[in-house]
Amino acid sequence: MTSAQPPSTDAPWTPLTVEDLTDLFGDLDARWWLSGGVALEHWLGEPIREQANIDVSTLPGDVAALIAALPAHLRAWAVLVDGLVAFADVPAGADLQTIGVHDPERDAWVLQINVEDGTPDRWLYRRDPRLSIPWDEAVLDVRGVPTGAPGVQLLWKTLRPRPQDEVDRETVLPALSDEERTRLRRDILSIHPHSTWAIHFRSPFAPAKASWNRKKKG
């Protein structure tokens with residue numbers, strides 16, 4: 001068991017760079033990709049806003065390989081229902097969704113690892129596995145870096161958009177191809193029809209449906 005005390009979730013961020021991540025993970029026999037706001041910026045090829053953190057995503061079977069590739073002084077902490085747990089102490093079968101990587105020397109977070117779902121052939125949307133996309137469409141090679149497709153990254157932000165998510169949408173949406181915008185519209189209306197973003201796509205002929213994720217009353 002790990003005796004170190006969990007760091008504060010309010011500790012500051014000193015994020016790794018995209019170059020750091022490619023140096024660490026580029027030669028691994030594991031699936032990983034940039035995700036979140038940094039992925040959108042990398043795909044766009046220009047800054048969108050100040051990025052406070054940096055995310056990568058991976059699959060459950062590849063988490064250990066990514067963590068093993070980290071510099072020895074960094075510590076990985078799984079975000080579980082009961083709080084932060086050292087990755088080495090995570091119970092077997094735990095539902096891993098987010099892992100924070102912390103630098104104890106600087107008392108700063110440096111990376112967030114998101115655990116997503118997929119099969120050998122397709123990426124699966126963890127919030128609704130009815131949505132699946134071939135890997136070469138869900139994760140793009142952008143200047144040599146595996147990068148989450150912009151439509152997928154925006155979809156993750158759709159459920160509960162924050163102010164920074166609104167900035168991302170307003171910046172990235174015009175840069176999408178017609179096909180990408182059509183797919184995003186379809187996915188939002190079918191999976192997150194009650195999102196505030198759905199009103200940008202809905203018409204009188206596309207009424208809201210029961211959301212897969214909407215909490216039941218009572």
- Task: Just do the salt bridge (Lys or Arg N to Asp or Glu O under 4.0 Å) check on Arg49 and Asp168 with the steps written out, would you?
- Result: CA-CA 8 Å; Arg49 54 181 171 82; Asp168 290 344; 2.9 Å; yes
- Query: For Asp27, does the CG atom have more than 12 heavy-atom neighbours from other residues, nucleotides or ligands under 6.0 Å away?
  - Reply: no
Rounded to the nearest 0.5 Å, what separates atom [atom1] in [X] from atom [atom2] in [Y]?
X: Trp32; Y: Ser57; atom1: CH2; atom2: OG; value: 11.0 Å
X: Thr17; Y: Asp23; atom1: OG1; atom2: CG; value: 7.5 Å
X: Leu96; Y: Leu59; atom1: CG; atom2: CG; value: 12.5 Å
X: Leu131; Y: Asp187; atom1: CG; atom2: CG; value: 4.5 Å
X: Leu189; Y: Ser195; atom1: CG; atom2: OG; value: 9.5 Å
X: Trp197; Y: His192; atom1: CH2; atom2: NE2; value: 10.5 Å

Within the structure provided, determine whether [X] and [Y] are in side-chain contact (heavy-atom separation under 4.5 Å).
X: Thr98; Y: Ile113; answer: no
X: Gln153; Y: Trp43; answer: no
X: Leu66; Y: Phe25; answer: yes
X: Leu111; Y: Leu21; answer: yes

Is it true that [Y] and [X] share a donor-acceptor pair across their side chains at a distance under 3.5 Å?
X: Asp95; Y: Gln97; answer: yes
X: Gln112; Y: Asp55; answer: yes
X: Glu179; Y: Thr182; answer: no

Do any N or O atoms from the side chain of [X] and from the backbone of [Y] form a donor-acceptor pair under 3.5 angstrom?
X: His73; Y: Glu105; value: no
X: Arg75; Y: His102; value: no
X: Glu137; Y: Pro134; value: no
X: Arg127; Y: Trp156; value: yes

- Task: Kindly confirm or rule out a cation-pi arrangement of Arg31 over Trp135, judged by NZ or CZ under 6.0 Å from the six-membered ring centre and within 45° of its axis?
- Result: yes
- Message: Show, in sequence, the C-alpha distance, side-chain angles and deciding distance for Arg183 and Glu180, and conclude whether the salt bridge (Lys or Arg N to Asp or Glu O under 4.0 Å) test is met.
- Response: CA-CA 5 Å; Arg183 170 180 282 176; Glu180 289 168 326; over 6 Å; no
- Message: Against Ile99, only a single residue in Leu84, Ile67, Val79 fulfils side chain to side chain contact (heavy atoms under 4.5 Å, CB included); can you say which?
- Response: Ile67
- Can you say whether the rings of Trp109 and Trp13 are parallel (under 30°), tilted (30 to 60°) or perpendicular (over 60°)? tilted
